[in-house]
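Note that the structure is predicted; figures quoted are calculated from it, not measured. When a residue number appears, it is its place in the shown sequence, counting from 1.
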Amino acid sequence: MAKADIHPKWYPDAKVYCNGQVVMTIGSTKPELHVDVWSGNHPFYTGTQKIIDTEGRVERFLRKYGMSSTQASSDDQNKK
């Protein structure tokens, strides 16, 4: 026989909060879940892209591989 009282308490109506608002209700072992990202605000599901640039890494990458718009415009002027 299985051991009694080894499983955590199950909350079938656990609420998921994002930015202080209830976004969905799910089953969980915790009564409340606080999340930063969920399908309603994730770029993959919403179709929007948001690049968080820390320490200029994105700009440095774009400059290194010639994808920066400022470098492209200066290259066009040099060719004339």
In chain order, what residues pass the side chain to side chain contact (heavy atoms under 4.5 Å, CB included) check against [X], with sequence neighbours excluded?
X	answer
F61	Y65, M67
T29	P8, W10
V23	V16, C18, W38
H42	V37, F44, Y45

Spacing of N19 atom CG and D36 atom CG [to the nearest 0.5 Å]: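 Here the interatomic distance stands at 7.5 Å.
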Which heavy atom of I26 sits nearest a heavy atom of L33, and at what distance?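 Minimum heavy-atom separation between I26 and L33: CD1-CD1, 3.6 Å.
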On a heavy-atom basis, which atom in Y11 and which in K30 lie closest, and how many Å separate them?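 Shortest heavy-atom contact: CD1-C, 3.6 Å.
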side-chain hydrogen bond (donor to acceptor under 3.5 Å, both in side chains) involving S28 - partner list, sequence neighbours excluded: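 Checked S28 against side-chain hydrogen bond (donor to acceptor under 3.5 Å, both in side chains); zero matches.
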